[in-house]
Structure formats: C-alpha cells, structure tokens
Amino acid sequence: MRNIDTALWADEFRELLARGFYFFDFLTAYERDSQLEVIARVVNPENKQSQLLATMIDPKLGEVTSLASIYLGAVWHERETAEMFGIYFVGLVDDRPLLRRSLLGAPPMLKSTVLAARMLKPWPGQPSHRKQQPIGVVEDWLQL
Amino acid sequence: MTNPSGIPAQAHGVIALTASACTSCMICVRECPAWCIELESHDEEVTEPGARRPRTVSVLDTFTIDFGLCMYCGICVDVCPFDALEWHSEFDYAAGSPGGLIQGINELESWQSKP
C-alpha cells in the first residue's frame with residue numbers, strides 16, 4: 001500500500017488511469033488512531049497488476065478530492081464512504097444517501113459513534129460481581 | 001470434506017453447541033461483536049469421593065444464539081477453550097416470525113447429530 005499526500009490524491013489516480021489501471025476495484029475508509037484514512041485499489045486488467053493507495057485525511061478539513069471525474073465507478077464507493085464515515089468528497093456531485101435513510105446523526109462507522117442498539121440492549125456479557133466494559137464500545141458509553 | 005449437498009463440512013452455516021463441554025465461562029458471550037449469545041448458569045457443589053472438600057462447578061441453565069443478530073464471524077467458535085461451539089454446514093433454518101431465529105440449547109445441540 002502506498003501512502004499519498006491528500007493534495008495529490010486525484011492526480012495520482014489520473015496518472016494510474018493513463019498507465020492502464022482502468023478497473024476501479026474499491027474505495028473505503030479506515031479509522032487508524034482516531035484519524036481517517038481513505039484507501040482505494042485500481043487494477044490493470046491487461047497485465048493483472050494492481051495498485052493500493054491510501055491517504056490520511058486532515059481531521060480539521062475532513063475532505064479529499066473525489067475520483068468520480070476520473071473513474072465513474074468511484075461514485076458508489078465515495079457515496080458510501082461519505083455517509084458511513086462523514087468524509088466530504090470534493091467534486092462528488094451525487095451526494096444522495098446510499099444505505100442510510102438520511103445523513104442526519106453521527107456517521108455509523110466511526111468508532112466514536114455508539115449504535116442505538118448498543119444503548120437499548122444490556123450487554124449480555126456483563127459479569128454479576130464487577131463492572132466490565134464491552135469490547136468495541138467507547139468509554140463514556142451510555143446505557144439507557 | 002463435504003456433506004451430501006456438496007457444501008464443505010466447516011462452512012459457516014449454523015453454530016452447533018455441545019452443552020456438556022460448556023463450562024459457562026462466558027468468553028463467547030463477551031467476545032461476540034454482535035451481542036447475539038446469552039447464557040445463564042448457576043453454581044453447584046460436587047463432592048467427589050476421596051476429595052477433602054466439595055468442588056464448585058457451573059451448571060449451564062440456558063444458552064441462546066440469536067441468528068437474526070449473528071454475523072457468522074465465528075469468533076465464538078474460535079475463542080471457546082473447550083470446543084463446545086462448532087460450525088455446521090446446515091443453512092436451511094429460516095423462520096417465519098420475529099424471534100424465530102433465537103435458538104436454545106436443544107436446537108443448538110440438534111445440529112450436532114445432523115449429517
């Protein structure tokens with residue numbers, strides 16, 4: 001995986017497309033040490049080579065240039081990544097929610113977001129004689 | 001190894017329980033990311049011949065997996081220190097009502113005897 005400067009993200013893919021990497025495989029995000037990283041993979045179907053690229057998103061800006069004008073297939077992945085991680089893709093025209101009903105509320109894939117189901121249901125693993133924190137739930141997790 | 005339908009025996013179809021192997025240690029319940037396993041147990045004193053004092057053992061009362069919540073990741077099968085949970089390739093157990101995918105000890109044990 002190659003790490004790319006966020007400012008050069010789109011340029012890098014434009015160059016890869018020119019080099020024959022015309023198949024857009026996927027784009028997603030990953031929360032690494034409470035910072036968001038956008039990851040994308042493109043393939044050159046002629047020689048079966050692939051490129052996996054990543055860029056760290058500046059937490060203050062929370063945005064990256066959209067690849068939609070370079071790869072049409074990137075739209076679906078960017079719409080999904082935008083609504084799930086709250087990343088803004090600059091230049092992505094189609095910003096309709098894909099899987100969520102609306103974009104209100106916290107992005108569900110962030111580790112800081114506590115799912116409603118986790119607040120409504122008591123943790124079945126809670127020991128009877130001491131308090132224990134369930135795995136994957138933030139520290140100030142509120143139990144209704 | 002495959003079963004008669006050609007599905008590998010270790011396919012993530014359903015999770016089978018061997019209740020006699022379960023010590024109610026709760027590791028599967030705590031590790032499950034979907035919170036779909038619940039179990040209840042109580043302690044019983046067992047006096048073994050020749051032992052100086054009785055031993056306390058946990059006895060399993062209820063064990064349920066809600067396959068409506070389960071994401072078939074297999075973490076519970078992996079973490080069980082006593083191999084009480086096991087994958088079974090059976091997948092045909094759809095339910096027609098809410099809660100119909102919640103399986104208790106009897107249902108989870110029944111998968112063991114299936115081919």
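Letters A, B, ... mirror the listed sequences (proteins, then strands); counts begin at 1. The basis for the numbers below is simple: all heavy atoms, side chains too, and nothing from hydrogens, waters or symmetry mates.
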> Given a strict heavy-atom distance threshold of 4.5 Å, which part of Leu69(B) is in contact with chain A: side chain, backbone, both, or neither?
Replying inline: side chain
Return yes when atom [atom1] of [X] has more than 12 non-hydrogen atoms of other residues, nucleotides or ligands closer than 6.0 Å, and no otherwise.
X         : atom1 : value
Met109(A) : CE    : no
Lys111(A) : NZ    : yes
Arg130(A) : CZ    : yes
Leu72(A)  : CG    : no

> Roughly how far, to the nearest 0.5 Å, is CD of Glu38(B) from NZ of Lys121(A)?
Replying inline: 4.5 Å
> Rounded to the nearest 0.5 Å, how far apart are CD of Gln133(A) and CZ of Arg30(B)?
Replying inline: 13.0 Å
> Where do Pro134(A) and Trp35(B) come nearest, in terms of heavy atoms and distance?
Replying inline: CB-CZ2, 3.8 Å
